[in-house]
Amino acid sequence: MTFHAKINGYADPALHAEGLYIGGKWLKAGGITVMNPSRDEPLAEVADASVEDALRAVDAAEAGAAGWRATPSRKRSEILRRWFELMSARAEELATLIALENGKALPDARGEVAYAAEFFRWYAEEATRIPGEFRHTPSGSHHILVDHEPIGIAVLITPWNFPAAMATRKIGPALAAGCTVILKPASETPLTAYAMARLGEEAGVPPGVVNVLTTSKPAEVTNAMLADPRVRKLSFTGSTGVGRTLLAEAAKSVVSCSMELGGNAPFIVFDDADLDAALDGAMIAKMRNAGEACTAANRFYVQSGIHDAFVSGLAARMAALKIGPGYDPSTQCGPMITKAAVRKIDRLVSDAMASGARAVTGGKPLGQDGYFYPPTVLENVPADAAIAREEIFGPVAPVYKFESDDDAVRLANETEYGLAAYVYSRDLKRALQIGKRLEAGMLGINRGLMSDPAAPFGGVKQSGLGREGGVTGILDFMEAKYYAVDY
Ligand code: NAP
């Protein structure tokens, strides 16, 4: 085993698994190398599922379905609650594991574990409050009774940037609703998903209710599951490009889809903003996970009166961050996920600089082991540069100057994405009025962080379909059934 189980306190073999988790059994191992992005070296090897393995997982999810659906919601709730408690009790080991395979700094990893566990607590509570309806028809002809039933077997596909939270944000509501699931985590960060499956076993999740598989053939394996008529739900979090492909695939068998896709969040700072609050918020909105977040501020629009003070304040804070391996407790900015990610950031920054942007701090990849890019602030960035259109997914803050409110709104909305947006102003009425004109599913008003399990998370335009979390999240895993009743 190549797994560096002793790195920095991560010494819990009970949480470590490398095989497929199907029908409550751990099967076959080997095939996919998981890298340590902080050191550019192998960390572990996990199993590589074939199409046959995936269909076996559908069999297992089907075998577990009737029992789980019939399990009283109070019992389902208690299992989720226990899973939350186990994640909280093992938070440090999970955070270290995330820091190891994803590279994010430990404080970010700890934050993710707390956020991820909270989805199990929230949906443990929501499991017992599944709504129904009774209505009178306007014509008086009959009565309308609406029940909500579990939608059926759900395939859950998650990205590498939040390996714990993106999984619990789907598993929590699915299990609360009474569905059984097959989770396919990203190949870069499968160890966290397998560790959570171990904790799920311990929490009492029955065999077949949660299945986890890793594969080097995501398209083949997913398409086979979507073509299986027993699968009724696809819940995907990842890039808009892959989301589009999966929507087309799911259309063939009319599988219900929830899509949490890419973002290109504007961060708007008006002249009347509290500068320190805006800088604090900017650091969170930009630097959580070293910029590898779908809600990351991707474009900073700063009004001319506050522009220079904002740029110098942001550059000072960014330059002061300590870069290092994610699992080193003193690190504030960890590596990117892959070498390719560093190359993409470098391309976007070089392109912006070739068109007149200036790096106030950073601006070049760091030549060291691991996939590091330094915190960077760019000013004078042309509004039509590629960096304004593409997700940077790294620690780079391009700043654009604007004059009027109308300019800010126009520039902010000039994108195919519509996930998150941030507005800073001391005038709450102005901020809310601007918020109303912004094309985004989520708005941070004088706040750099909006994610919360109790709130609906999701985007408009090409950032996705549906909402996760909140009181409506459970309904994404349910179908309404209408009874026309005469009595
Ligand atoms: P990605 O390349 O789209 O991959 C996401 C997942 O899809 C991975 O598990 C990947 O598996 C799988 N996948 C790739 N191609 C597939 C195919 N043809 N069929 C089935 N599955 C396929 O995205 P990523 O690079 O991991 O994540 C970053 C993206 O996620 C960013 O765009 C970010 O904005 C977005 N994101 C959105 C949210 C949100 O809530 N809106 C949250 C987090 C991230 P492999 O790893 O095996 O390739």
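Quick note: residue numbers are just sequence positions, from 1.
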S.K.: Are the side chains of Ile434 and Phe270 in contact, using a 4.5 Å heavy-atom criterion?
M.R.: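 Yes - at least one pair of side-chain heavy atoms lies under 4.5 Å apart.
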S.K.: For the pair Asp272 and Arg430, evaluate salt bridge (charged side-chain N to carboxylate O under 4.0 Å, His left out) and give the outcome as yes or no after the intermediate values.
M.R.: CA-CA 10 Å; Asp272 64 355; Arg430 178 190 198 186; 3.2 Å; yes
S.K.: Just how far is it from atom CG of Leu411 to atom OH of Tyr301, taken to the nearest 0.5 Å?
M.R.: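 Between Leu411 CG and Tyr301 OH, I get 5.0 Å after rounding to 0.5 Å.
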S.K.: Here's a test for you: under side chain to side chain donor-acceptor pair (under 3.5 Å), which of Thr192, Asn36, Thr189, Thr96 qualifies with Glu101?
M.R.: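 The residue from Thr192, Asn36, Thr189, Thr96 that satisfies side chain to side chain donor-acceptor pair (under 3.5 Å) with Glu101 turns out to be Thr192.
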S.K.: Do Ile392 and Val349 have side chains that approach each other closer than 4.5 Å (heavy atoms only, starting at C-beta)?
M.R.: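 Heavy-atom side-chain distance check fails, nothing below 4.5 Å.
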S.K.: Taking Thr331 for the side chain and Tyr327 for the main chain, is one N or O donor matched with an acceptor at less than 3.5 Å?
M.R.: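 Flag not set: sc Thr331 to bb Tyr327 has no pair under 3.5 Å.
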S.K.: Taking all atoms of both residues into account, what is the closest heavy-atom pair of Glu260 and Gly466, and its distance?
M.R.: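 For Glu260 versus Gly466, the nearest heavy atoms are OE2-O, 3.9 Å.
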S.K.: What's the spacing between Ser235 OG and Met259 CE if we round to 0.5 Å?
M.R.: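 It is 8.0 Å, given to the nearest 0.5 Å.
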S.K.: I need the full list of side chain to side chain donor-acceptor pair (under 3.5 Å) pairs touching residues 375-384, with sequence neighbours left out, sorted by first then second residue.
M.R.: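 Matches after skipping sequence neighbours: Arg358-Glu379.
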S.K.: Working to the nearest 0.5 Å, report the span between CD of Glu479 and CD1 of Ile151.
M.R.: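 Atom-to-atom, Glu479:CD and Ile151:CD1 are 4.0 Å apart.
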S.K.: Between Glu45 and Ile32, is a side chain to side chain contact (heavy atoms under 4.5 Å, CB included) present by the stated rule, with each step listed?
M.R.: CA-CA 5 Å; Glu45 209 167 285; Ile32 300 177; 5.7 Å; no
S.K.: Could you work out, with salt bridge (charged side-chain N to carboxylate O under 4.0 Å, His left out) as the rule, every residue matching Arg410, not counting sequence neighbours?
M.R.: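 Counting only residues at least two positions away or on another chain, Arg410 forms a salt bridge (charged side-chain N to carboxylate O under 4.0 Å, His left out) with Asp407, Glu414.
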S.K.: Do the non-hydrogen side-chain atoms of Pro456 and Glu468 ever get within less than 4.5 Å of each other?
M.R.: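 No. Closest side-chain heavy atoms not under 4.5 Å.
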S.K.: Run Thr215 and Glu220 through side chain to side chain contact (heavy atoms under 4.5 Å, CB included) and show every step you take.
M.R.: CA-CA 9 Å; Thr215 179; Glu220 232 179 285; over 6 Å; no
S.K.: I'd like to know whether NZ of Lys339 has more than 12 heavy-atom contacts from other residues, nucleotides or ligands below 6.0 angstrom.
M.R.: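 Counting neighbours around NZ of Lys339, 12 or fewer heavy atoms of other residues, nucleotides or ligands fall under 6.0 Å, so no.
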S.K.: Suppose we screen for salt bridge (charged side-chain N to carboxylate O under 4.0 Å, His left out). Which residues come up paired with Arg447, at least two apart in sequence or across chains?
M.R.: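 Result, salt bridge (charged side-chain N to carboxylate O under 4.0 Å, His left out) vs Arg447: none returned.
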S.K.: So which heavy atom on Ala197 is nearest to which on Val212, and how close?
M.R.: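 What the structure gives for the nearest pair is CB-CG2, 3.9 Å.
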S.K.: Answer whether the closest heavy-atom distance between the side chains of Leu443 and Tyr422 falls below 4.5 Å.
M.R.: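 No - every pair of side-chain heavy atoms lies 4.5 Å or more apart.
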S.K.: How close do Leu234 and Val255 get, heavy atom to heavy atom, and via which atoms?
M.R.: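 Smallest interatomic distance, heavy atoms only, reads N-CG1, 3.6 Å.
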S.K.: Pairing donors with acceptors under 3.5 angstrom, does anything connect the side chains of Arg299 and Asn264?
M.R.: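 There is such a pair (donor and acceptor under 3.5 Å, judged by atom type) between the side chains of Arg299 and Asn264.
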S.K.: Residues in side-chain contact (heavy atoms from CB on, under 4.5 Å) with Arg244, at least two apart?
M.R.: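 Arg244 satisfies side-chain contact (heavy atoms from CB on, under 4.5 Å) with Thr240, Glu416, Gln462 only.
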S.K.: Supply the atom-to-atom distance Thr338 OG1 to Asp40 CG, rounded to the nearest 0.5 angstrom.
M.R.: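 The OG1 atom of Thr338 sits 10.5 Å away from the CG atom of Asp40.
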S.K.: Would the distance check show the side chain of Ser253 and the main-chain N or O of Leu226 forming a donor-acceptor pair, the cut-off being under 3.5 Å?
M.R.: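 The answer is yes, because a donor-acceptor pair under 3.5 Å joins these two groups.
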S.K.: Under a 4.5 Å cut-off applied to non-hydrogen side-chain atoms, are Lys286 and Phe300 in contact?
M.R.: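 Side-chain contact under 4.5 Å: yes.
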S.K.: Report yes or no: is the cationic atom of Arg169 (NZ for Lys, CZ for Arg) under 6.0 Å from the centre of the six-membered ring of Phe457, at an angle within 45° of the ring normal?
M.R.: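 Judged by the rule, Arg169 and Phe457 form a cation-pi pair.
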S.K.: Check salt bridge (charged side-chain N to carboxylate O under 4.0 Å, His left out) between Arg81 and all other residues, then give those that pass, not counting sequence neighbours.
M.R.: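 With sequence neighbours excluded, Arg81 shows a salt bridge (charged side-chain N to carboxylate O under 4.0 Å, His left out) to Glu85, given in chain and number order.
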S.K.: Is any side-chain heavy atom of Phe119 closer than 4.5 Å to one of Met166?
M.R.: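 The answer is no, as the side chains (C-beta and beyond) never meet within the 4.5 Å cut-off.
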S.K.: Taking all heavy atoms of Pro159 and all of Ala186, pick out the closest pair and write down the distance.
M.R.: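 Smallest interatomic distance, heavy atoms only, reads C-CB, 3.6 Å.
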S.K.: Look only at the side chain of Asn223 and the backbone of Ala219, and say whether a donor-acceptor pair between them is shorter than 3.5 Å.
M.R.: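 Checking the backbone N and O of Ala219 against the side chain of Asn223, a donor-acceptor pair under 3.5 Å is found.
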S.K.: May I ask you to say whether Asp405 pairs ionically with Arg437, meaning some side-chain N is under 4.0 Å from a carboxylate O?
M.R.: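 No, Asp405 and Arg437 are not salt-bridged.
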S.K.: Can you confirm whether Lys322 is buried at NZ, in the sense that more than 12 heavy atoms of other residues, nucleotides or ligands lie under 6.0 Å from that atom?
M.R.: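 Check passes, neighbour count above 12.
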S.K.: Measure across Met196 and Leu94 and return the closest heavy-atom pair with its distance rounded to 0.1 Å.
M.R.: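 Closest pair (atom of Met196, atom of Leu94, distance): CG-CD2, 4.4 Å.
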S.K.: Testing the basics here: between Gly459 and Arg467, what is the closest heavy-atom pair and its distance to 0.1 Å?
M.R.: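 Heavy-atom minimum between the residues: O-NH1, 3.1 Å.
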S.K.: Run the numbers on Lys184 and Thr214 for side chain to side chain contact (heavy atoms under 4.5 Å, CB included), then give the verdict.
M.R.: CA-CA 6 Å; Lys184 195 216 81 61; Thr214 37; over 6 Å; no
S.K.: How far apart are the C-alpha atoms of Asp406 and Ser404, what are their side-chain angles, what is the distance that settles it, and do they pass the side-chain hydrogen bond (donor to acceptor under 3.5 Å, both in side chains) test?
M.R.: CA-CA 5 Å; Asp406 285 351; Ser404 71; 5.4 Å; no
S.K.: Examine Lys461 relative to Tyr417 and say whether NZ or CZ is less than 6.0 Å from the centre of the six-membered ring and inside a 45° cone about the ring axis.
M.R.: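 Geometry flag: not set, cation outside 6.0 Å or 45°.
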S.K.: Supply the atom-to-atom distance Ile284 CD1 to Leu279 CG, rounded to the nearest 0.5 angstrom.
M.R.: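 Nearest 0.5 Å value for the CD1-CG distance: 11.5 Å.
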S.K.: Can you check whether Leu175 reaches Leu80 side chain to side chain, under 4.5 Å on heavy atoms?
M.R.: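 Side-chain contact under 4.5 Å: yes.
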S.K.: Does any pair with a residue in residues 103-115 pass side chain to side chain donor-acceptor pair (under 3.5 Å), and if so which ones, sequence neighbours excluded?
M.R.: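 Output for this query lists Glu92-Arg110, Lys104-Glu112, Lys104-Asn289.
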S.K.: Measure from the side-chain N and O atoms of His16 to the backbone N and O of Ala195, and report whether any donor-acceptor pair falls under 3.5 Å.
M.R.: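 A pair under 3.5 Å: no.
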S.K.: Looking only at atom types and distance, does a side-chain atom of Lys401 sit under 3.5 Å from a main-chain N or O of Gly305, one as donor and one as acceptor?
M.R.: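 The answer is no, because no donor-acceptor pair under 3.5 Å joins these two groups.
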S.K.: Counting only N and O atoms by type, is there a donor-acceptor contact under 3.5 Å from the side chain of Ser38 to the main-chain atoms of Gly326?
M.R.: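 Yes: the side chain of Ser38 pairs with the backbone of Gly326.
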S.K.: Where the side chain of Asn446 meets the backbone of Ser425, is there a donor-acceptor pair that is under 3.5 Å apart?
M.R.: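 Side chain of Asn446 to backbone of Ser425: a pair is present.
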S.K.: Examine distances only and state if a side-chain atom of Tyr373 and a backbone atom of Ala341 form a donor-acceptor pair shorter than 3.5 Å.
M.R.: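 Between the backbone of Ala341 and the side chain of Tyr373 there is no qualifying donor-acceptor contact (under 3.5 Å).
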S.K.: Do any N or O atoms from the side chain of Asn298 and from the backbone of Pro266 form a donor-acceptor pair under 3.5 angstrom?
M.R.: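 Absent.
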S.K.: State the OG1-CD distance between Thr33 and Glu188, to the nearest 0.5 angstrom.
M.R.: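 If I round to the nearest 0.5 Å, the distance is 12.0 Å.
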S.K.: Should we count NZ of Lys217 as having more than 12 external heavy atoms under 6.0 Å?
M.R.: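 Counting neighbours around NZ of Lys217, more than 12 heavy atoms of other residues, nucleotides or ligands fall under 6.0 Å, so yes.
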S.K.: Could you check Leu156 against Thr237 for side chain to side chain contact (heavy atoms under 4.5 Å, CB included), going step by step and ending with a plain yes or no?
M.R.: CA-CA 8 Å; Leu156 317 177; Thr237 298; over 6 Å; no
S.K.: Please examine the side chains of Trp160 and Glu292, heavy atoms only from C-beta on, and report whether any two atoms are closer than 4.5 Å.
M.R.: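 When only atoms from C-beta onward are counted, Trp160 and Glu292 do touch, with a gap below 4.5 Å.
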S.K.: Would you please indicate if the ring centroids of Tyr424 and Phe267 are separated by under 6.0 Å?
M.R.: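 That pair passes the under 6.0 Å test.
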S.K.: Check for a donor-acceptor pair, side chain of Asp271 on one end and backbone N or O of Ile306 on the other, with a separation under 3.5 Å.
M.R.: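 Looks like yes, one N/O pair under 3.5 Å.
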S.K.: Regarding Ser258 and Lys170, do their side chains bring together a donor and an acceptor under 3.5 Å, going by distance alone?
M.R.: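 Not at all, the side chains of Ser258 and Lys170 share no donor-acceptor pair under 3.5 Å.
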